[in-house]
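For reference, the structure discussed in these notes is given below.
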Amino acid sequence: MKKKNFIYKIINKDLKNKKYKTIKTRFPPEPNGYLHIGHALSLYINFNISKDYNGKFYLRFDDTNPKTEKKIYIENIKKDLIWLGYIWHKKKYASDYFNIYYKYAIKLIKKKLAYIDDLSIKDIKKYRGSLKNPGINSPFRDRNIKENISMFKKMKNGEYKEGEKCLRAKIDMKSKNIILRDPVIYRIKYNSHYKTKKKWCIYPTYDFAHCIADSIEKITHSICTLEFINNRLLYEWILKNISINHIPKQYEFSKLNITYTITSKRKIKYLINKKKVNGWNDPRLMTLSGMKNRGFTPKSIIDFCKLIGVSKKEHIIDISILENCLRKDLNKISFRIMGVINPLKIKIKNLKKKIKIKIPNHPQNPSMGYRYIYLHSSIYIDEEDFKENSNEQFKRLTINQSVKLRYAGIIKIKKIIKKEDKILHIECIYIHKKKTKNIGIIHWISLKNSLKTKYILYNKLFISKDPNKEKNILSIINEKSIIIKYGYIEKYIKYINKKTSLQLERIGYFKLFKKSNLILSQILLLNNKNKF
RNA sequence: UGGGGUAUAGCCAAGUGGUAAGGCAUCGGGUUUUGAUCCCGACAUUCUCAGGUUCGAAUCCUGGUACCCCUGCCA
């Protein structure tokens with residue numbers, strides 16, 4: 001028996017009690033934006049349940065609000081699922097069932113369990129009461145069935161204005177659970193629906209449609225996030241009162257929060273509108289398409305979901321866990337190459353001839369092959385690897401401390417050539433020596449072996465650890481989340497496929513952002529201590 | 001005394017009456033021509049708090065406390 005988290009325990013019990021033959025789950029995004037890392041967790045949970053129990057997994061677009069939903073989002077959501085490898089058995093739309101919801105609404109009216117309300121939005125709010133005070137009944141609550149049906153049909157036929165009338169479930173205005181104070185289940189909207197166009201002008205609300213869709217699709221376990229927990233009673237009330245056969249059960253888990261990131265479509269949209277990021281797939285965003293752009297691998301995202309677990313506890317997960325998953329994956333597959341981001345020129349005075357060196361493309365994986373590089377008398381190293389004066393902690397080049405050039409020999413400073421305090425270049429002496437202990441190793445490139453390249457470096461998008469908690473997210477944006485540098489990289493880059501992830505040795509993981517004019521973008525650094 | 005949910009290390013998280021798994025982070029040490037990787041070690045006398053039951057409690061009981069969600073014709 002599978003035993004992974006509290007949901008698995010519930011399913012195991014249901015199976016033991018022979019409650020279901022086949023386990024069915026669904027992933028129900030609203031097509032009003034792109035998917036983010038939070039959706040990846042929901043996807044992970046729902047997909048794996050169906051996989052582990054040999055069940056079914058449906059993708060259902062929750063498209064009951066024509067005001068916000070668009071076809072473009074449908075396409076991108078599908079792409080994201082495919083990228084992660086979450087293949088659905090069936091693809092559905094809540095809007096597939098518009099006729100059925102309508103039929104059930106009529107049924108509720110006939111059972112005197114729903115009524116047309118003429119109250120304005122403002123008045124509905126007023127009548128609903130507050131957290132501490134009960135609501136009061138709408139004066140239209142006791143309309144007769146005939147009138148209700150006639151008005152509901154008129155609503156459907158477009159005879160009223162938006163907001164003029166709505167259909168409400170007749171439950172209990174005094175309920176302690178505010179969700180049950182006669183929730184609106186149908187409202188008028190004249191926007192064209194991206195899928196059903198102008199066919200309807202009344203739309204069911206989430207609460208009314210979701211449970212019915214789950215039931216129609218014979219979903220067994222309807223898994224959602226914790227904020228829907230109060231809606232569960234309504235979910236159950238509707239299914240019971242429309243007398244539908246199959247009754248799915250709703251279970252809730254806590255929403256994913258990660259330090260330094262936002263997981264809210266609304267806030268992401270806001271940043272896009274404020275031009276703080278370049279669209280939904282900006283590499284600094286934790287949208288799945290942004291992460292793909294950044295260079296995340298599907299495996300790293302799935303490993304992350306596996307690692308963090310599923311619970312009902314409110315949490316904020318340290319971003320380092322995600323980064324660790326990515327590094328682990330990238331370390332295995334990345335092609336090693338040398339590049340300098342802040343070039344500093346070194347002239348080796350005693351090197352008469354170039355030296356040819358055979359180096360591995362991956363130190364732990366010989367199957368990735370070898371290549372040749374050349375050491376010439378003029379090379380670049382990174383500015384970070386030099387300090388005129390420093391202590392032994394600084395295992396790099398100083399006036400009285402030599403360093404080893406990776407894959408080559410040792411260099412020792414002879415003279416620092418300056419012009420008005422600015423270092424033009426450094427003259428060094430080269431020492432052939434293979435085995436040495438306690439000496440720093442730095443990366444380098446020969447001028448003749450290098451290509452000028454643009455580096456795009458990323459920092460965290462937010463300066464606050466918990467941006468979801470911040471009211472004004474614009475105030476916590478890191479203005480230095482993108483840094484552009486011009487440096488060099490091995491000529492060999494020309495032979496590398498755009499999709500290959502790279503490790504700039506001693507710096508971090510990068511990808512070819514653009515191959516034609518050589519732009520590399522940072523995926524993530526080898527560790528968080530390096531700063532450029 | 002609105003209703004509901006949740007409390008286990010810096011961050012996640014197992015554990016469901018038999019003496020606190022695991023991961024991340026951190027700190028030591030070893031291997032290493034990447035300050036990377038890899039390997040080894042350390043890291044909760046105690047589970048939100050206070051009582052109680054029990055031979056034995058993170059788990060059961062009683063009473064507190066903190067945080068989160070709910071007053072859209074959003075989902």
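Labels below follow one simple rule: chain letters A, B, ... track the order of the sequence lines, proteins then strands, and each chain is numbered from 1. Everything numeric in this text was worked out from a predicted model, so none of it was measured.
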Electrostatic pair A/D182:A/R141 at N-O distance under 4.0 angstrom: yes
Distance test, side-chain N/O of A/R128 to OP1/OP2 of B/C73, below 4.0 Å: yes
Closest to side chain of A/R506, choosing from B/G35, B/A13, B/C69: B/G35
Spacing of the C1' atoms in B/G52 and B/C12 (rounded, Å): 33 Å
Separation of atom NZ in A/K469 from atom C1' in B/C68, rounded to whole Å: 8 Å
Between C1' of B/U33 and NE2 of A/H443, the distance in whole Å: 14 Å
Any A/H210 side-chain nitrogen or oxygen under 4.0 Å from OP1 or OP2 of B/A75: no
Rounded distance in Å - CG (A/L397) to P (B/U33): 20 Å
Charged N-O contact under 4.0 Å between A/E217 and A/R26: no
Side chain to side chain contact (heavy atoms under 4.5 Å, CB included) against A/F6, all qualifying residues, sequence neighbours excluded: A/I10, A/F253, A/V310, A/K312
Given RNA chain B, 5'-ward residue of the pair A/N231 and A/G309, judged by closest heavy atom: A/G309
Set of residues satisfying side chain to side chain contact (heavy atoms under 4.5 Å, CB included) with respect to A/Y190, sequence neighbours excluded: A/E162, A/I188, A/C201
Sugar-phosphate only, base, or nothing, as touched by A/I439 at under 4.0 Å among non-hydrogen atoms: nothing
Pair A/D52-A/Y8, side-chain donor/acceptor within less than 3.5 Å: yes
Any A/T205 side-chain N or O less than 4.0 Å from OP1/OP2 of B/C73: no
Sugar-phosphate, base or nothing in reach of A/T64, heavy atoms under 4.0 Å: sugar-phosphate
Sugar-phosphate, base or nothing in reach of A/F228, heavy atoms under 4.0 Å: base
Nearest-Å distance for atom pair CD/C1', residues A/Q364 and B/C39: 13 Å
Which protein N or O atoms sit under 3.5 Å from an N or O of nucleotides 5-9 of chain B?
from : atom 1 : to     : atom 2 : distance (Å)
B/U8 : OP2    : A/K313 : NZ     : 2.5

Salt-bridge present (A/K249, A/D14; N to O < 4.0 Å): no
Span that lies between the C1' atom of B/G17 and that of B/C55, in whole angstrom: 12 Å
Whole-Å distance separating the OH atom of A/Y370 from the P atom of B/U33: 14 Å
Residues which pass side chain to side chain contact (heavy atoms under 4.5 Å, CB included) with A/K265, listed by chain and number, not counting sequence neighbours: A/E30, A/N32, A/H36, A/H39, A/W280
Anti/syn call for B/G72, syn if |chi| within 90°: syn
All salt bridge (Lys or Arg N to Asp or Glu O under 4.0 Å) counterparts of A/K71, not counting sequence neighbours: none
Side chain of A/E227 - closest among B/A13, B/C69, B/G35: B/C69
Dump the pairs, protein N or O against N or O of nucleotides 21-24 of chain B, anything under 3.5 Å, distances to one decimal.
from  : atom 1 : to     : atom 2 : distance (Å)
B/C24 : O2'    : A/S320 : OG     : 2.9

B/G15 phosphate, OP1 or OP2, under 4.0 Å from A/K9 side-chain N/O: yes
P-based separation of B/U53 from B/U62 [nearest Å]: 15 Å
Separation between the P atoms of B/A66 and B/U26, rounded to whole Å: 34 Å
B/G18 versus B/U59 - spacing of their P atoms, nearest Å: 12 Å
Side-chain N,O (A/R181) to OP1/OP2 (B/C70) below 4.0 Å: no
Residue-phosphate contact under 4.0 Å: A/S254 side-chain N/O, B/C68 OP1/OP2: no
With A/A213 via side chain to side chain contact (heavy atoms under 4.5 Å, CB included) - residues at least two apart: A/R60, A/Y97, A/Y101
Gap between atoms CE and P, on A/M338 and B/A36 respectively (whole Å): 18 Å
Residue pairs, two or more places apart or on separate chains, that pass salt bridge (charged side-chain N to carboxylate O under 4.0 Å, His left out) and touch residues 363-374 of chain A: A/R371-A/E490
A/D96: salt bridge (Lys or Arg N to Asp or Glu O under 4.0 Å) partners, not counting sequence neighbours: A/K195
Presence of donor-acceptor pair under 3.5 Å, side chain of A/E69 and base of B/A75: no
Sugar-phosphate, base or nothing in reach of A/L119, heavy atoms under 4.0 Å: base
Residue list, salt bridge (Lys or Arg N to Asp or Glu O under 4.0 Å) with A/K189, at least two apart or on another chain: none
Residues which pass salt bridge (Lys or Arg N to Asp or Glu O under 4.0 Å) with A/R168, listed by chain and number, not counting sequence neighbours: A/D117
5'-to-3' dot-bracket of RNA chain B (Watson-Crick, G-U; under 3.5 angstrom; crossing pairs as [ ]; | other strand): .(((((((.[[[..)..(...]]].(((((.......))))).....[[[[[..)....]]]]])))))).....
Reported CG-to-OH distance for the pair A/D466 and A/Y260, which is rounded to 0.5 angstrom: 10.0 Å
Integer-rounded Å distance: B/U32 P and A/L526 CG: 19 Å
Rounded distance (Å) that lies between atom P of B/C70 and atom CG of A/L131: 10 Å
